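In this text the structure is predicted, and so the values were computed from the model without any measurement. Order of appearance sets the numbers: ligands from 1, and atoms from 1 within every ligand.
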Amino acid sequence: MSSQEEIVIVVMGSTGTGKSSFINLLTGDNTVKIGNTLNSETSEIQLIRFIDPASRRKVVIVDTPGFDDSRSGVTNTNVLTTITEFLLEEYDKDRKINGLVYLHRISDTRFGGQASHNLKLFKSLCGRDNFKNVVALTTFWDRVDDETGRRREAELKAKFMKDLVEGGAHFMRHDRSMEGDRKVLKHILTLASTNHSYSRRDPCRG
Ligand SMILES: Nc1nc2c(ncn2[C@@H]2O[C@H](COP(=O)(O)OP(=O)(O)OP(=O)(O)O)[C@@H](O)[C@H]2O)c(=O)[nH]1
Ligand SMILES: [Mg+2]
């Protein structure tokens with residue numbers, strides 16, 4: 001890829017998993033809204049542009065509204081449609097997505113109906129061919145002891161996110177540090193961009 005090209009990274013995951021916090025740390029951009037209430041914070045898709053100091057590459061991060069959005073009248077389908085429409089408008093020309101970061105709280109005690117529904121939505125939006133461009137980023141490690149965290153991570157890889165693993169997705173842990181988050185970016189910079197083509201009629205491929 002040319003060093004002039006912008007690196008595009010889309011960040012997704014259930015509401016409150018720490019997407020905006022991750023982006024804020026990575027970019028040092030304090031204008032990214034982080035939720036401190038029980039309501040979902042990011043209601044619109046937000047673009048954050050910055051230059052990675054390590055690689056000098058131009059990076060654009062796409063912050064998305066969380067799935068299972070807690071605002072009334074917002075359904076998962078709405079959120080999925082919004083994201084798909086946005087990606088179509090912005091990136092169906094020459095732009096390719098370099099990385100998709102999917103956040104999951106390791107502190108969640110169960111991988112329940114909502115979590116598996118959200119993961120399914122993510123996978124359909126992403127498409128199986130692009131799983132190699134996925135970073136499954138687990139958050140809230142400060143809320144679990146090491147042993148519990150390790151066990152849940154192993155379970156995610158072996159069971160709930162098995163097909164992501166098989167498709168080449170990379171697992172990483174968010175440690176709430178800028179250095180940790182830069183490692184996510186460093187990994188994405190090593191990947192070839194996706195061959196994404198979104199279809200308006202059929203966003204649920206994969
Ligand atoms: N303890 C802990 N709190 C975290 C972590 N990451 C984020 N938070 C907190 O979790 C809350 C929600 O974080 P956000 O970054 O707003 O989550 P989001 O995924 O952007 O949420 P939506 O925009 O609603 O989809 C905030 O109070 C954060 O400070 C983490 O790793 N550990
Ligand atoms: Mg947010």
Side-chain angles (χ1 to χ4, degrees), residues 8-50 59-87 90 99-123 125-126 134-153 156 161 170-185 187-188:
V8 181
I9 301 172
V10 179
V11 180
M12 292 185 204
S14 299
T15 188
T17 47
K19 297 178 294 296
S20 300
S21 307
F22 161 71
I23 295 168
N24 190 321
L25 257 182
L26 180 65
T27 60
D29 186 343
N30 295 323
T31 64
V32 180
K33 281 192 92 184
I34 296 175
N36 283 311
T37 63
L38 287 177
N39 288 330
S40 182
E41 229 10 91
T42 310
S43 52
E44 302 285 334
I45 287 168
Q46 209 183 336
L47 290 191
I48 304 95
R49 289 193 157 82
F50 77 111
V59 181
V60 53
I61 311 255
V62 185
D63 191 7
T64 64
F67 298 145
D68 68 62
D69 203 290
S70 50
R71 284 162 303 131
S72 60
V74 176
T75 63
N76 281 329
T77 322
N78 273 344
V79 174
L80 189 66
T81 309
T82 310
I83 296 172
T84 310
E85 293 280 322
F86 173 83
L87 292 174
E90 287 289 310
L100 296 123
V101 182
Y102 187 78
L103 276 77
H104 176 79
R105 269 187 307 256
I106 203 71
S107 56
D108 285 3
T109 48
R110 281 180 295 133
F111 201 92
Q114 191 59 254
S116 63
H117 184 63
N118 289 331
L119 182 62
K120 203 169 156 196
L121 282 176
F122 170 73
K123 289 191 291 191
L125 185 64
C126 167
V134 171
V135 172
L137 184 67
T138 43
T139 54
F140 285 72
W141 280 89
D142 55 307
R143 293 285 174 88
V144 291
D145 60 75
D146 282 359
E147 175 49 32
T148 307
R150 256 198 299 274
R151 186 172 40 76
R152 285 192 191 144
E153 189 181 47
L156 286 177
M161 297 187 178
H170 195 67
F171 270 72
M172 298 183 88
R173 297 177 183 182
H174 169 78
D175 61 2
R176 303 192 96 179
S177 76
M178 188 183 252
E179 303 80 66
D181 288 351
R182 292 248 157 97
K183 282 186 195 151
V184 176
L185 179 58
H187 169 73
I188 290 171

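At under 3.5 Å, not a single nitrogen or oxygen of Thr139, backbone or side chain, sits near a nitrogen or oxygen of ligand 1. Of the N or O atoms in Pro65, none lie within a sub-3.5 Å distance of an N or O in ligand 1.
Distances below 4.0 Å separate heavy atoms of Thr15 from the following atoms of ligand 1: 22 (P), 24 (O), 25 (O). Distances below 4.0 Å separate heavy atoms of Ser21 from the following atoms of ligand 1: 7 (C), 13 (O), 14 (P), 15 (O), 28 (C). Every atom of ligand 1 with a heavy atom of His174 under 4.0 Å away is listed here by number and element: 31 (O).
The option from Ser20, Ser14, Gly16 that lies nearest to atom 20 (O) of ligand 1, judged by heavy atoms, is Ser20.
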Item to check | Steps toward side chain to side chain contact (heavy atoms under 4.5 Å, CB included) verdict (Phe140, Val144) | outcome: CA-CA 7 Å; Phe140 285 72; Val144 291; over 6 Å; no
Checklist entry - Step by step, would you call Thr17 with Phe22 a side chain to side chain contact (heavy atoms under 4.5 Å, CB included)? => result CA-CA 9 Å; Thr17 47; Phe22 161 71; over 6 Å; no
Item to check | Chi angles and distances behind the side chain to side chain contact (heavy atoms under 4.5 Å, CB included) call for Glu147, Arg150 | outcome: CA-CA 5 Å; Glu147 175 49 32; Arg150 256 198 299 274; 4.1 Å; yes
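In this structure, Asn24 CG and Asp63 CG are separated by 10.0 Å, a value rounded to the nearest 0.5 Å. Rounded to the nearest 0.5 Å, atoms CE (Met161) and CZ (Phe122) are 9.0 Å apart.
When heavy-atom distances to ligand 1 are checked against a 4.0 Å cut-off, Asp63 has no atom that comes that close, whether in backbone or side chain.
Put simply, Ser20 gets within reach of the Mg ion (ligand 2), with an N, O or S atom under 2.8 Å from it.
Ring geometry for His187 against His170 counts as parallel: the plane angle stays under 30°, on a 0 to 90° scale with 60° as the upper cut.
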